Amino acid sequence: MSTPTTSADAPAKAAASGDAKKPPPPLVPSTTSAERLAVAKQYGLRALNVRPPLGEYIRDLTGRWAFIRVLATSTAYAKNQNNYLGQLWAVLNPILNAAVYVLIFGILLGLSRGLDNSIAFIVIGVFMFRFVEASVSGGAKSISGKTQLLRSLHFPRAVLPMSTVLSLLTTLVPAIVVMCAITLLSGFLPNYEMIHVTWWWLLLPAAVALMWIFNTGLAFIMARLVASTPDIENVVPFIMRVLMYGSGVIFPVLTFVDRLHISETGKAIVGGILEYQPVAVYLYLVRSVLMQEEDMFPHSGLMWALGGAWAVLFFVIGFIVFWRGEERYGRD
């Protein structure tokens, strides 16, 4: 009487008798790697996560300007969408900041004395510096905070810092209207010089445009640095605080340079650095346009030339620095 074979014993017996199925032979491509590269080039295909040439990268980026604009406006709209006051916070935040600084530094401490209109001085400084500060912090998070998006879609990564700064510019426009209104109304207060609307106010959009280009370059640099070294993001607030006090946002820093216990040559060097560094230049341009402080902010062709030079220099350097890390974003 034969014993039935169990299913567990069947594979062993099949292997022993030589009837086991053999694995299929490995698949070998019918074309060489050179032929495959030629086909990909013929149909305009390219490998992912590879840095394209600079010219090709610029063309691809400019072709997505509509996407950058839509992404910027949607980001600006969604920022305060869940708040009760909604988009009003884009104006209320700089107003509240300016009010605090005017009260503490302009009235209580009197650090802005010597100015004909310290309220206009502080309000312009706070509103415009906020644009720089937000561009730096937004650029720092534009890559590190969007890892899932970077791994899901293929597009020039420069879209993200550019759209970030453009969204800030979108929210800056209504804030500038409020800034100009406060500047005008401050002249009606006692002991403050009256400010009038002049033809020089037409140059305000040019000054803001230069700041936008400059801030985009800063955003490129910060995006690359924080993407490769995330710890830098924790240091950014302290750097921006030093930059705020060193750029004359709240009080004219040059008036305090003379109080330094250093040589006259040292005072000239320190004063030149503080006066001609980029943020101080852009604050100077806006104040010279809106305020009638001819003694402290005379209209200067040199400052306009420096503003254009700083904008182009930072944008070009920042763009190249960012492009050189293109293949690493979303993978580190």
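Values below: all heavy atoms of this structure, side chains included; hydrogens, waters and symmetry mates excluded. The structure presented is a predicted model; accordingly, all values stated were derived computationally and were not measured.
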Give the C-alpha distance, both sets of side-chain angles, the deciding distance and a yes or no for side-chain contact (heavy atoms from CB on, under 4.5 Å) between Trp304 and Ser300. CA-CA 7 Å; Trp304 282 101; Ser300 172; 5.9 Å; no
Show, in sequence, the C-alpha distance, side-chain angles and deciding distance for Ile58 and Trp323, and conclude whether the side-chain contact (heavy atoms from CB on, under 4.5 Å) test is met. CA-CA 10 Å; Ile58 294 175; Trp323 163 74; over 6 Å; no
Within 45° of the six-membered ring axis of Phe121 and under 6.0 Å from that ring's centre, is NZ or CZ of Arg287 located there? yes
Strictly by ring pair (Phe, Tyr, Trp, His ring centres under 6.0 Å), give each pair with a member in residues 262-282 just once, sequence neighbours left out. Phe214-Tyr282
How about Met179 and Met128: do any of their side-chain heavy atoms sit closer than 4.5 Å? yes
Do Leu302 and Ile269 share a hydrophobic cluster, counting only Ile, Leu, Val, Met, Phe, Trp and Tyr and linking them when any side-chain heavy atoms are less than 4.5 Å apart? no
Taking the side chain as everything from C-beta on, heavy atoms only, tell me whether Glu275 gets closer than 4.5 Å to Val281. no
Holding to ring-ring contact (aromatic ring centres under 6.0 Å, His included), I want the full list of residues that pass it with Tyr284, two or more places apart in sequence or in another chain. Phe297
Should the pair Arg224 and Phe220 be classed as cation-pi, given the thresholds of under 6.0 Å to the six-membered ring centre and 45° from the axis? no
Would you mind checking if Glu56 and Arg59 are paired as a salt bridge, meaning a charged N to carboxylate O distance below 4.0 Å? no
What I'd like to find out is whether the side chain of Val173 reaches to under 4.5 Å of the side chain of Ile176, using heavy atoms alone. no
Output all residues satisfying side chain to side chain contact (heavy atoms under 4.5 Å, CB included) with Ser167, sequence neighbours left out; order by chain, then residue number. Ala72, Thr75, Ala76
Just do the side-chain contact (heavy atoms from CB on, under 4.5 Å) check on Ile221 and Phe322 with the steps written out, would you? CA-CA 6 Å; Ile221 295 174; Phe322 184 87; over 6 Å; no
